[in-house]
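This report refers to the structure that appears directly beneath it.
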Protein chains: 2
Amino acid sequence: MSWFAVKTRERNLQDGLVHPCNMCAVRDHSVCASLDADEQARVNQIMTQIDMGDGSTIFDEAEPATHVFNITSGGVKVYKLLADGRRAITGFLFPGDFLGLMHRESYAFSAEALSATKLCRFPREKLERLLEEMPKLEHRLLGLASHELAAAQDQMLLLGRKTAKERLASFFLLLSNAARRHGRPDNPIELTMSRGDIADYLGLTIETVSRTVTHLKRDGIIQLLEGNRIQLSRPAKLQELAGLT
Amino acid sequence: MSWFAVKTRERNLQDGLVHPCNMCAVRDHSVCASLDADEQARVNQIMTQIDMGDGSTIFDEAEPATHVFNITSGGVKVYKLLADGRRAITGFLFPGDFLGLMHRESYAFSAEALSATKLCRFPREKLERLLEEMPKLEHRLLGLASHELAAAQDQMLLLGRKTAKERLASFFLLLSNAARRHGRPDNPIELTMSRGDIADYLGLTIETVSRTVTHLKRDGIIQLLEGNRIQLSRPAKLQELAGLT
DNA sequence: CGTAACGTTGAAAAGTTTCAACGGATGTGG
DNA sequence: CCACATCCGTTGAAACTTTTCAACGTTACG
């Protein structure tokens, strides 16, 4: 997206001419991108913007799935729990990402804001009715779902077969790539989530995450900067560790 | 589905009146279900039926994604590899399941037949063009993708946080539920895949799978029958182990 | 019948977790 | 402003689960 397009969008946004979800289009994943003005207006009508504070719950697993969401700013963690409290974070979502499955009566996971987060909220029933008339939107959602599915399979490979070191390397590269896609600097990456969240995402304990980060630091592969940021000093080595070779 | 409907379908199938993918509709997941006759015919035109022998490769990761598939009979394993050969099986697919992601230029995983398998093959480009005119079909695919995504998240919880015993318990229940959905007996379940496949699916080694099965057998929770079948003697205990409580 | 592939079992080794202690940052109240 | 508690992250040592290495039994198939 060119500088001009961004600026135009910002102006239109200020004037209330553009659906705020379009802000997310930097990742070309927003729900509304590729719709014409009339269609956008209709999607607009059923949408509500909401703000969530740091750590607040967006919805819980098994709750009736009344809404779906599109993230405008901030970050979200999606997770599942076992009966005894063990947790697996199945994904971190950022601006432009879609939250909530279609075609389901209840949520299959819980979602919580990582930091102050803005969301566009859609009543699922209304959105599904809209989808019947707007195949383009459904096409887009299918694209998003395919993308998520591919990411989920990468994660299954990570959880099933990678060592702690390899998991951390993969994780840092994932964040770096996500940052680049969102048009933000991809090298000193920023960890917006706690060590506990990282552990539950990578299927490790907090202590193993901490130790492994220390090892990577000692090996000169990464550097810890202030503000929970990480410098990827040897990206090629990280790639190798991540097993993407 | 009633006995009558099944018989009618079989007859129509013999007469060539029904798209063979409809055979899969027992799980209400086939690509073609809910299309009218004309639409089915159009889908038919771009479809080729193919047979795959035991263990033969359907496609490999990173290959250009020229086709998508719908499984008619048999079974398929889907997997990803690391550079050094470590493997994670991300799913087992059975009749009615859809194989291959939409909106992607290359396959994100490899697929191989578990046993003699029949597939309906669709050129992806042609199917995508058809989708533009048949929103119902796209709607259906989105439903399938949502279902797959939910299953993937269950699997991430399993791989990230469950013990070997819990993984095996979850796996047996998964197979049992799948069999029931397909209208086959759900209690003595049949293992159509090798121990190595199970290990790569559960993120364990062959030996751990073998030992854990032995433990479950000693505890009287399961029984090994001839023909690679397993009797779930105490399903409630399995449920408890699987952590679905 | 012999060979190869698959599955089981045992013992040692490894990686990760658990338990425990400590340090630094943050925030609160006296 | 400082004492104090709390939360988060780090580090160490012991414990545990799973893996690795190795041997053996079983099954399938030429």
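On a predicted model such as this, the values are computed, not experimentally measured, just so you know. Only heavy atoms go into these numbers, but all of them, side chains included; no hydrogens, no water, no symmetry mates.
Below 30°, between 30° and 60°, or above 60°: for A:His182 and A:Phe94 the angle between ring planes is above 60°, a perpendicular geometry.
When the P atom of D:dT17 is taken as reference, atom CD of B:Glu166 falls 12 Å away, rounded to whole Å. Whole-Å rounding puts the A:Asp54 CG to D:dC7 C1' distance at 13 Å. The separation between B:Ile198 atom CD1 and D:dT18 atom C1' is 17 Å, rounded to whole Å. Atom CZ of B:Arg195 and atom C1' of D:dA28 are 16 Å apart (whole Å). One interatomic measurement links the two molecules: CG of B:Leu202 to P of D:dT19, which rounds to 11 Å at whole-angstrom precision.
When DNA chain C is scanned in the 5' to 3' direction for atoms under 4.0 Å from non-hydrogen atoms of chain B, the outermost contacting nucleotides are C:dG7 to C:dA11.
A:Ser115 is linked by a side-chain contact (heavy atoms from CB on, under 4.5 Å) to A:Thr117, counting only residues two or more places apart in sequence or in another chain. Partners of B:Arg161 by salt bridge (Lys or Arg N to Asp or Glu O under 4.0 Å), not counting sequence neighbours, listed by chain and number: A:Asp200. Taking the side-chain contact (heavy atoms from CB on, under 4.5 Å) definition, one finds that A:Ser56 meets it with A:Met52, A:Ala113, sequence neighbours left out. Taking A:Asp154 as the reference, B:Lys80 meet the side-chain contact (heavy atoms from CB on, under 4.5 Å) condition, with sequence neighbours excluded.
For DNA chain C, the residues of residues 207-227 of chain B within the heavy-atom distance limit of 4.0 Å (strictly under) are B:Glu207, B:Ser210, B:Arg211, B:Thr214, sorted by number.
Annotation: cation-pi pair B:Arg87/B:Tyr79 present, NZ/CZ under 6.0 Å from the ring centroid and within 45° of its normal.
In this structure, the side chain of A:Lys162 engages the main chain of A:Ala242 through a donor-acceptor pair within 3.5 Å.
Nearer the 5' end of DNA chain D, as judged by each residue's closest nucleotide, is the contact made by A:Met193, out of A:Arg161 and A:Met193.
Contact check on B:Glu240 versus B:Arg234 returns no salt bridge, with no Lys/Arg side-chain nitrogen under 4.0 Å from an Asp/Glu carboxylate oxygen.
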